[in-house]
Amino acid sequence: MEYDVIIIGAGLAGLSAGKVLNEEDVSYKIIEANARPGGKVYSREYTDRYFELGGQFINQDMTEMTRLVMDAGMEIHETDVTEDAVIIDERKNTDVETILEAEEKLFKGLGERDIRLSRLYEKNITDPYHRKLISSQHSEVLNINPELISSKAIAEMMKRYLSSKSDTTHQASGPLNNVVSYLESFSKDKIIYGQPVAEIGESKNGYIIRTLTNEYQSKSVILAIPPTAASRINYTTGLPEKIENALKSFKDGAVIKITWVFEEAFWRSFSVQDEVHRLKEVIYSEPEGINVSDSSKAGDENRLTMFIGGDTAIKLAERTLDERLEYAVSLLTVVLGEKARYYIDREESVWVNDPYYGGGYSASVLFEGVHNAAEILRNPYKKLLFSGSELSSDFPKFMEGAVRSGKHAANKALELLFK
Ligand SMILES: Cc1cc2nc3c(=O)[nH]c(=O)nc-3n(C[C@H](O)[C@H](O)[C@H](O)COP(=O)(O)OP(=O)(O)OC[C@H]3O[C@@H](n4cnc5c(N)ncnc54)[C@H](O)[C@@H]3O)c2cc1C
């Protein structure tokens, strides 16, 4: 049987593409490498609580995600962080927020020539400690050592974040698994799990898609997978150099996420330089790439989440779970004191070096890669369409970007099929 469209990947992008196709008179299948849908969105649910192992936060300008949360039967709740809450570093310096404002000016004056992100700090930030802090923040946010990253690509990506609000102001009232199940319901009998696509060839009418054990035919293909995962597929008839180079320009991130639940939110009356403050975030200058945030929802449990990104995550992924947790808790105690050891629950997720999800929040463009790789890949090649959060023209690297990108690719596939 030949399908009109094969979608590769059942993350938010692939499932959103499926929802669009489901509304039209077209035949399609979704082929997913892993045994579950959702990709980098996955809630671990227990009887009394749940944890988001991957994507968690949204804001109200992220309209697609906001609607999906409500369509899945949930509400949007505020993250419990007040205006006056402060961001400090592990040295307890209250001025960190003003230091971080340097980031806004960082990309101004970036000329035609691309430079490594770390070089941009050297050029534009005079204070070595401020450089260190921004570098650490970027290692966490991008999940990659800034030494490896293209400044131009990051500047372009940031322009596509279409909101003046923080990306963490809101969360769903329940597990995001509900959003995944809601999206999955539109394609229920059309998803094939546990079948990594290894090869794509061209046929007379379209494409032959091969997994290790099966072969599928379609007129059109949507690759709703990270660009790094797409670059690991063998294209038997080759791809134009421009597309191949764009795919190869991306590098996977690396992230470890740990959430703790506490009886009391002791970080909300915290002494910083003899004044009592409410803590919003701690950015560690050392080791690089670590951030701890108050991730509690208003009226809900008291939670702190540590995000460990880049080289630090790669190194820690090699240790045992117990070693990682002890290391993470000892970092918490450096700032918050021994109280941080007395949590009532915790959950950890390691997203490092996964061939299908990628290793971090998303993949980024390498220095000396093609800085506008996302833009190149947004254009279909014949009836082959690349999709996924990294490539989105709006809110790239976020769940919102994944949904928008999947919908966009499906509409484009329909246009190409019927023209
Ligand atoms: C720890 C963590 C925290 C995050 N926090 C946030 C947050 O708070 N807010 C936010 O907006 N975003 C967050 N993100 C990012 C967000 O989760 C992603 O941007 C988004 O979910 C990506 O969706 P996607 O569909 O593009 O890709 P993915 O979720 O990666 O889905 C791709 C799917 O394709 C499959 N696949 C890959 N290769 C193949 C193949 N060869 N054959 C078949 N199937 C294949 C994969 O198994 C996967 O299921 C976070 C991510 C992580 C890891």
Side-chain angles (χ1 to χ4, degrees), residues 6-18 29-42 51-59 62 64-66 79 140-141 143 161 163 166-172 176 179-180 183-184 191-200 209-212 216 221-234 252-259 291 293 295 305-309 313 347-352 354-363 386-392 395-406 409:
I6 292 271
I7 300 168
I8 306 175
L12 287 186
L15 294 174
S16 302
K29 282 271 178 205
I30 303 181
I31 306 177
E32 166 58 47
N34 284 288
R36 61 161 184 86
K40 290 189 282 279
V41 174
Y42 185 38
F51 294 89
E52 295 299 351
L53 302 192
Q56 175 169 352
F57 302 96
I58 56 173
N59 75 28
M62 299 179 177
E64 293 288 338
M65 275 305 293
T66 303
T79 304
E140 183 272 307
V141 174
N143 294 175
Y161 179 78
S163 176
S166 150
D167 53 307
T168 59
T169 57
H170 290 77
Q171 305 178 44
L176 286 175
V179 166
V180 172
L183 283 174
E184 186 197 26
I191 312 181
I192 303 160
Y193 289 107
Q195 292 275 327
V197 169
E199 196 168 274
I200 301 178
I209 295 100
R210 293 192 186 90
T211 66
L212 282 181
Y216 306 87
V221 180
I222 297 175
L223 291 106
I225 60 182
T228 42
S231 75
R232 291 188 271 269
I233 290 177
N234 178 33
D252 280 320
V255 72
I256 297 172
K257 178 177 180 181
I258 308 172
T259 298
N291 169 304
S293 296
S295 56
T305 297
M306 181 179 278
F307 299 96
I308 307 171
E347 187 70 56
E348 185 219 40
S349 51
V350 180
W351 300 83
V352 179
D354 188 286
Y356 305 118
Y357 302 130
Y361 304 144
S362 60
F386 294 94
S387 167
S389 73
E390 289 87 347
L391 308 188
S392 184
F395 294 105
K397 294 174 169 256
F398 291 92
M399 296 184 283
E400 178 74 11
V403 174
R404 291 190 190 206
S405 166

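Position 1 is the first residue of the sequence, and the numbers go up from there. Just follow the structure's listing: the first ligand is 1, and inside any ligand the first atom is 1.
- For atom 11 (O) of ligand 1, the closest non-hydrogen atom of the protein is Met399 N, 2.8 Å.
- Contacts between Thr211 and ligand 1, counted as non-hydrogen atom pairs separated by less than 4.0 Å, are absent for every part of the residue.
- Assignment of Asp167 to the shell around ligand 1 is not supported, since no heavy atom sits closer than 4.0 Å.
- The protein non-hydrogen atom at the shortest distance from atom 40 (C) of ligand 1 is Val197 N, 3.6 Å.
- Residue contacts with ligand 1 leave out Ser349, since none of its heavy atoms falls under 4.0 Å from the ligand.
- Under 4.0 Å from ligand 1, not a single heavy atom of Glu52 appears.
- The existence of a salt bridge linking Asp354 and Lys40 is excluded, since no basic side-chain nitrogen approaches an acidic carboxylate oxygen closer than 4.0 Å.
- Distances from ligand 1 to the non-hydrogen atoms of Ser362 include no value under 4.0 Å.
- Neither the backbone nor the side chain of Ile58 comes within contact range of ligand 1; no heavy atom lies under 4.0 Å.
- You'll find the side chain of Thr211 reaches within 4.5 Å of the side chain of Ile31, heavy atoms only.
- Each of the following atoms of ligand 1 lies closer than 4.0 Å to a heavy atom of Ala13: 25 (O), 26 (O).
- Within the 3.5 Å criterion, the main-chain N or O of Leu176 finds a donor-acceptor partner in the side chain of Glu52.
- Relative to atom 32 (C) of ligand 1, the option among Ala224, Gly388, Gly39 with the closest non-hydrogen atom is Ala224.
- Proximity of Val255 to ligand 1, defined as any heavy-atom pair under 4.0 Å, is confined to the side chain (atoms from C-beta onward).
- Looking at atom 46 (C) of ligand 1, its nearest protein heavy atom turns out to be Glu32 OE2, 3.5 Å.
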